[in-house]
Amino acid sequence: MLEVIRKYTAEIGDSDIGKTVKLYGWVHEIRDHGGIVFVILRDREGFIQVTVPRKKVDTDVFKTVKKVHRESVIEVIGTVKAEPKAPGGYEIVPQKFVILNEADAPLPLDVAEKVPAELDTRLDHRYLDLRKPKIQAIFRIRHCVLKSVREFLCEEGFIEVNTPKIVSTATEGGTELFPISYFEKEAFLNQSPQLYKQVLMAAGLERVFEIGPIFRAEEHNTVRHLNEAVSIDIEASFIDHEGVMNILERLIKRVYEDVSESCSRYLKWLGIELETPKIPFKRLSYDEALNIAERKGESIPWGEDISTPALKLISEDMPEFYFIVDWPTKSKPFYAMPYKDKPEICKSFDLMKGYIELASGAQRIHVYNLLVKRIEECGMSIDSFGFYIESFRYGMPPHAGWGLGADRLLMAMLNLKNIREGVLFPRDRNRLVP
RNA sequence: GCCCGGGUGGUGUAGCUCGGCCGAUCAUGCGGGCCUGUCGAGCCCGCGACUCGGGUUCAAAUCCCGACCCGGGCGCCA
C-alpha cells in the first residue's frame, strides 16, 4: 500500500485534486445537517473543510464524525475535491476519520471566537487561546523578530553571549530585585545584564549581545510592564552613544523589513499593514521634550524623569520612532558618561515609540576614577561592586550599549494594547501561573 | 502601591440607580430531536450562574464593611 502523504491545510491546491492526502489537526467547528456533516479541520497553517455525506462515506467514519467534539485532535485521510461551495475552495471527503484524542466539553474558552473572552480568561487557558490563528500569528512574528535581530547583530560583528541570571547583590541600585534562596547564601534574580556586558568589554570581546530574561520586582500594574521580560542587550567597544544609536535604528528598520517580507501571512491574519520606519530617527533633546510638555500644560522640573502624561503629550508631536537624548546625569544610572563640557547632562538616550520607552542606552564611563566618583555621588559604595569595578582598572576600552525590550518592540510593531498579548506566559504582579 | 470602575452559567453579558415583581435576561456552549451543501447553518425541547467572608433588613445579585481578583488612570521602574 502506498504511503499517504501528510499535508498542511494551507498546502492543499489544484495539484491535489482527486488525490488522497492525510491531515492532522483539531476540530474547529462542526456543522451537522443530519445526512451531511461538515467538520472544519484546523492545523498550524489554516483550515480545511472535511465534508462527510452519510451515503458516500464508510458507516464507521460517519458514526465517528457524529460523535466528535470541538477541539478534539483528529487524523483524516481522504480525497481532495475542488468545491466552490466549500470555504477555501477545496474539501476533503474522508476514507478515514480517527479521533486521536477527544476533547472534553464545554471548553474553557471558545477557540472559534463566536463569544469573546477577556485577556485574563485567555491567559488562564493560554494553550487554547493560542489555537486561534490571530494569537498564533503574534508569536510567529515574535519568532521572526528575534531571528532578524540575531541575524542583524551577527552581521554587525556581535558575539552572542549568556550572562548569569542569578546574582549575588542588589548593588546596581534602583529597581527592586527578587530575592531567592541560593544554598546558604542570599541571591537575586538579575534585573539586567548591564554589568556583565561591560565586563565583557574589558575581556576584549568588543561587541556582544544577549537576548534573555530580566527580572524586576516592582509592584507596577500597567499594560506595558512585566516582572519578567525579555531584553535584547548589546555592548560595543570603541564606539560612542551616537554609534550605538545608529546600530539601534538600523536594527529596527531591518526587523520591520524582515517581518514585512517573511511574515506577510501572519500580518494579514492580524489585519496589520506594516510600514518600515525611515531612518535616521529624530533626536529630541531632554530639554526640547520638556518644552513640548510645558507648552501643552505639563511641566516637569528639570532633572526629573519625564512623567507618563508628559510623554503622552510629547508623543502627539512625534508619531514615529524617536530618541530622547542628552538626559540629566542625575536622572540616569551612574555608568552613563557625562558630557565633558557640560557634566550635568550625559550621553544617554531612550528610544521611544509613542509614549512607550522601547530601549535605553548610553555611552558608558570607562575611566576608573570617574566611575568611582559617580558611584559615590549616587550614594553607593564601591566595595559592593567587586568584580565589576575591578575590570575598569586593567584596560577597559571606551564603550557604549543599549537594552531593548523585546516584548515592547513587538507591542509597538503590532500595536498591541497590552504587553501581555505578546508574551506566551506573562508574569506580573498577580500572575504566576500558567 | 494610590485613585476610579467592576466581579452574574464553560464563555461573553442584562439586571444593581429605587431591596420584594429574580423561581435571574440574552447570546454562545453543552445534552436530546428534525434536517444532504453548510460557511456565525437553521428550527424545537432541555441543562447550566449571582467571587469569598461578615453585616443591615421581615426580605439582599441589588445596600454597607473586609479580602481576593479584573479593567482604566497614575506612581514606581539604576
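Residue numbering restarts at 1 for every chain, and letters A, B, ... go by the order of the sequence lines.
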For this session: Establish, with yes or no, whether the OP1 or OP2 oxygen of B:A41 is under 4.0 angstrom from a side-chain nitrogen or oxygen of A:Arg31.
Result: yes
For this session: Check the distance between B:A78's P and A:Gln191's CD and give it to me in whole angstrom.
Result: 7 Å
Exercise. Taking 4.0 angstrom as the limit, do A:Arg224 and A:Glu357 come out as a salt bridge?
Worked result: no
For this session: Could you tell me whether A:Pro108 contacts a base, only the sugar-phosphate backbone, or nothing, with contacts defined as non-hydrogen atoms closer than 4.0 Å?
Result: sugar-phosphate
Problem set entry | Aro-ring/base stack A:His33-B:A41, d under 5.5 Å, angle under 30° | yes
Problem set entry | Contacts of type side-chain contact (heavy atoms from CB on, under 4.5 Å), residue A:Glu83, not counting sequence neighbours | A:Lys85, A:Ala86, A:Glu91
Problem set entry | Over 12 foreign heavy atoms within 6.0 Å of CH2, A:Trp26 | no
Seminar exercise, completed: Here the residues of residues 300-309 of chain A within 4.0 Å heavy-atom distance, strictly under, of RNA chain B are A:Ser307, A:Thr308, A:Pro309
For this session: Please identify each residue that fulfils side-chain contact (heavy atoms from CB on, under 4.5 Å) with A:Ala112, with sequence neighbours left out.
Result: A:His28, A:Glu29, A:Arg70, A:Asp110
Exercise. Does the side chain of A:Ser72 come under 3.5 Å of the side chain of A:Glu102 through a donor N or O and an acceptor N or O?
Worked result: yes
For this session: Describe the nucleic acid contact of A:Glu83 in one word from base, sugar-phosphate, nothing, applying a heavy-atom distance below 4.0 Å.
Result: base
Exercise. Should the pair A:Glu249-A:Arg283 be classified as a salt bridge under the 4.0 Å nitrogen-to-oxygen rule?
Worked result: yes
Exercise. Which pairs count as ring pair (Phe, Tyr, Trp, His ring centres under 6.0 Å) when at least one residue sits in residues 408-434 of chain A, sequence neighbours excluded?
Worked result: none
Problem set entry | Out of B:U36, B:G1, B:C69, whichever nucleotide has its closest atom nearest the side chain of A:Glu219 | B:G1
Problem set entry | Within residues 414-430 of chain A: residues closer than 4.0 Å to RNA chain B (heavy atoms) | A:Arg429, A:Asn430
For this session: Using a 4.0 Å heavy-atom cut-off across all strands, classify A:Ala86 as base, sugar-phosphate, or nothing.
Result: base
Exercise. In whole Å, what separates the C1' atom of B:A49 from that of B:G9?
Worked result: 4 Å
For this session: With C1' as the reference atom in both, quote the distance from B:G53 to B:G7 in angstrom, rounded to an integer.
Result: 15 Å
Exercise. How far does the C1' atom of B:G19 sit from the matching atom of B:C58, given to the nearest Å?
Worked result: 12 Å
For this session: Please list, by residue number, the residues of residues 64-82 of chain A whose heavy atoms come closer than 4.0 Å to an atom of RNA chain B; answer none if no residue qualifies.
Result: A:His69, A:Arg70
Exercise. Going by atom types alone, do A:Thr20 and A:Lys22 pair a side-chain donor with an acceptor below 3.5 Å?
Worked result: no
Would you list the protein and nucleotides 7-9 of chain B atom pairs, both N or O, that sit under 3.5 Å from each other?
none

Run the side-chain donor-acceptor check on residues 394-406 of chain A: report pairs under 3.5 Å with partners two or more places apart or on a different chain.
residue, atom, partner, partner atom, Å
A:His399, ND1, A:Pro397, O, 2.8
A:His399, NE2, A:Gln198, NE2, 2.9
A:Trp402, NE1, A:Val244, O, 2.9

Exercise. Do A:His225 and A:Thr222 get their side chains close enough for a donor-acceptor pair, meaning under 3.5 Å?
Worked result: yes
Protein N or O to nucleotides 12-16 of chain B N or O, pairs below 3.5 Å:
residue, atom, partner, partner atom, Å
B:G12, OP1, A:Glu118, N, 3.1
B:G12, OP1, A:Thr121, OG1, 2.8
B:G12, O4', A:Pro116, O, 3.1

Problem set entry | Nearest-angstrom distance, C1' atom, B:U57 to B:C74 | 40 Å
Problem set entry | Chi angles and distances behind the salt bridge (Lys or Arg N to Asp or Glu O under 4.0 Å) call for A:Asp326, A:Lys347 | CA-CA 6 Å; A:Asp326 299 344; A:Lys347 298 180 178 180; over 6 Å; no
Exercise. Do A:Asp43 and A:Thr9 get their side chains close enough for a donor-acceptor pair, meaning under 3.5 Å?
Worked result: yes
Exercise. Please give, in whole Å, the distance from B:G31 P to A:Asp32 CG?
Worked result: 11 Å
For this session: Let me see the working for A:Glu377 and A:Arg374 under salt bridge (Lys or Arg N to Asp or Glu O under 4.0 Å), right down to the final yes or no.
Result: CA-CA 5 Å; A:Glu377 280 172 7; A:Arg374 285 292 299 136; 2.8 Å; yes
Exercise. Quick one: is B:C74 close enough that its OP1 or OP2 comes under 4.0 Å of any side-chain N or O from A:Lys312?
Worked result: yes
Problem set entry | No-H, no-angle donor-acceptor pair, A:Glu113 side chain to B:G40 base, under 3.5 Å | no
Problem set entry | Of all pairs that satisfy salt bridge (charged side-chain N to carboxylate O under 4.0 Å, His left out), the ones with a partner from residues 408-418 of chain A, not counting sequence neighbours | none
Seminar exercise, completed: To the nearest angstrom, the CG-C1' distance between A:Asp124 and B:U51 comes to 14 Å
Exercise. Any chance the side chains of A:Ser285 and A:Asp287 put a donor and an acceptor closer than 3.5 Å?
Worked result: no
Exercise. What class does the angle between the rings of A:Trp302 and A:Tyr286 fall in, given that below 30° is parallel, 30 to 60° is tilted and above 60° is perpendicular?
Worked result: perpendicular
Exercise. Which one of A:Gln136, A:Glu71, A:Arg126 satisfies the side chain to side chain contact (heavy atoms under 4.5 Å, CB included) criterion with A:Arg131?
Worked result: A:Glu71
Problem set entry | P spacing across the pair B:A14 / B:G42, given as an integer number of angstrom | 23 Å
For this session: Decide yes or no on side chain to side chain contact (heavy atoms under 4.5 Å, CB included) for A:Leu41 and A:Val27, but give the supporting numbers first.
Result: CA-CA 5 Å; A:Leu41 179 149; A:Val27 175; over 6 Å; no
Exercise. Are A:Gln95 and A:Thr79 close enough that a side-chain donor and a side-chain acceptor fall under 3.5 Å?
Worked result: yes
Exercise. Between A:Glu176 (CD) and B:G1 (C1'), how many Å, whole number?
Worked result: 12 Å
For this session: Would you indicate what A:Lys332 reaches in the nucleic acid, counting non-hydrogen atoms under 4.0 angstrom: base, sugar-phosphate, or nothing?
Result: sugar-phosphate
For this session: To the nearest Å, give me how far apart CD (A:Gln198) and P (B:A78) are.
Result: 15 Å
Problem set entry | Atom P, compared across B:C64 and B:G48: separation rounded to whole Å | 31 Å
For this session: Using a cut-off of strictly less than 4.0 Å between a heavy atom of the residue and any atom of RNA chain B, enumerate the qualifying residues of residues 220-232 of chain A by number.
Result: A:His220, A:Asn221, A:Thr222, A:Val223, A:His225
Problem set entry | side-chain contact (heavy atoms from CB on, under 4.5 Å) involving A:Ser348 - partner list, sequence neighbours excluded | A:Trp327, A:Lys332, A:Ala336, A:Cys346, A:Ala362
